Amino acid sequence: MTSAKSATLPPTRVTIPQHVVFRAFVEETVVLNLESGRYHGLNPTAGRMLELLGELGDLDVVVQRIAEETGAPAERVAEDLHGFCSSLAERGLIEVESAA
């Protein structure tokens with residue numbers, strides 16, 4: 001039997017640091033790390049993920065919201081979001097902490 005929690009990430013919170021700004025456009029979201037001066041372009045889905053991470057902070061909630069909005073399975077969204085967050089964290093665009 002599969003529980004709803006199996007489709008989610010470990011309890012984790014994400015914040016967008018003060019030195020990161022972003023703006024959504026029709027075709028992409030542009031993210032700027034003010035400390036490094038580097039710009040990053042995100043496709044619309046990744047831009048929406050970043051927007052929800054900034055608003056909600058809770059990865060489980062973001063997974064459920066994206067799954068509802070896109071109709072994608074929560075398991076797939078959780079995998080994609082985990083990889084996305086790893087990539088963002090490596091670039092200093094988010095800060096990840098355990099929600100414990």
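Predicted, not measured: the structure shown is a model, and the values here were computed from it.
- By the rule that hydrophobic residues join a cluster once side-chain heavy atoms approach within less than 4.5 Å of another member, Val20 and Tyr39 end up as members of separate clusters.
- Nearest heavy atoms, Ala89 versus Val96: CB-CG2, 4.3 Å.
- A continuous path of ILVMFWY side-chain contacts below 4.5 Å connects Leu32 to Val30, so both sit in one hydrophobic cluster.
- Note: the hydrophobic cluster containing Val77 also contains Val61 (ILVMFWY, side chain heavy atoms under 4.5 Å, direct or indirect links).
- Listed here is the closest heavy atom pair of Gly92 and His19: O-NE2, 3.2 Å.
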### Message
As a quick check of understanding, evaluate side chain to side chain contact (heavy atoms under 4.5 Å, CB included) for Thr12 and Glu97, giving each step before the final call.
### Response
CA-CA 6 Å; Thr12 306; Glu97 60 186 64; over 6 Å; no

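- Between the side chain of Ser86 and the main chain of His82, a donor-acceptor pair closer than 3.5 Å is present.
- Heavy atoms only, all atoms of each residue included: Ala67 and Ala72 are closest at CB-O, 3.4 Å.
- Residues passing the side-chain contact (heavy atoms from CB on, under 4.5 Å) test with Ala24 are Thr29, sequence neighbours excluded.
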For residues 45-53, tabulate all N or O donor-acceptor pairs below 3.5 Å that involve a side-chain atom, not counting sequence neighbours.
unit_1, atom_1, unit_2, atom_2, d
Arg48, NE, Glu69, OE1, 3.0
Arg48, NE, Glu69, OE2, 3.4
Arg48, NH1, Glu51, OE1, 3.3
Arg48, NH1, Glu51, OE2, 3.2
Arg48, NH2, Glu69, OE2, 2.6

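- For the atom pair Leu59 CG and Arg13 CZ, the distance stands at 9.0 Å (nearest 0.5 Å).
- Taking a 6.0 Å sphere around CZ of Phe25, one finds it holds more than 12 heavy atoms contributed by other residues, nucleotides or ligands.
- In this structure, Asn33 CG and Arg38 CZ are separated by 9.0 Å, a value rounded to the nearest 0.5 Å.
- Of all the heavy atoms in Val14 and Cys85, the pair that sits closest is CG2-SG, 4.4 Å.
- In this structure, Phe22 and Leu93 have side chains that are not in contact, with every pair of non-hydrogen atoms separated by 4.5 Å or more.
- In this structure, Leu81 is a member of the same hydrophobic cluster as Leu56, with clusters built from ILVMFWY side-chain heavy atoms closer than 4.5 Å.
- Between Glu28 and Gly41, the shortest heavy-atom distance links the atoms OE1-CA, 3.8 Å.
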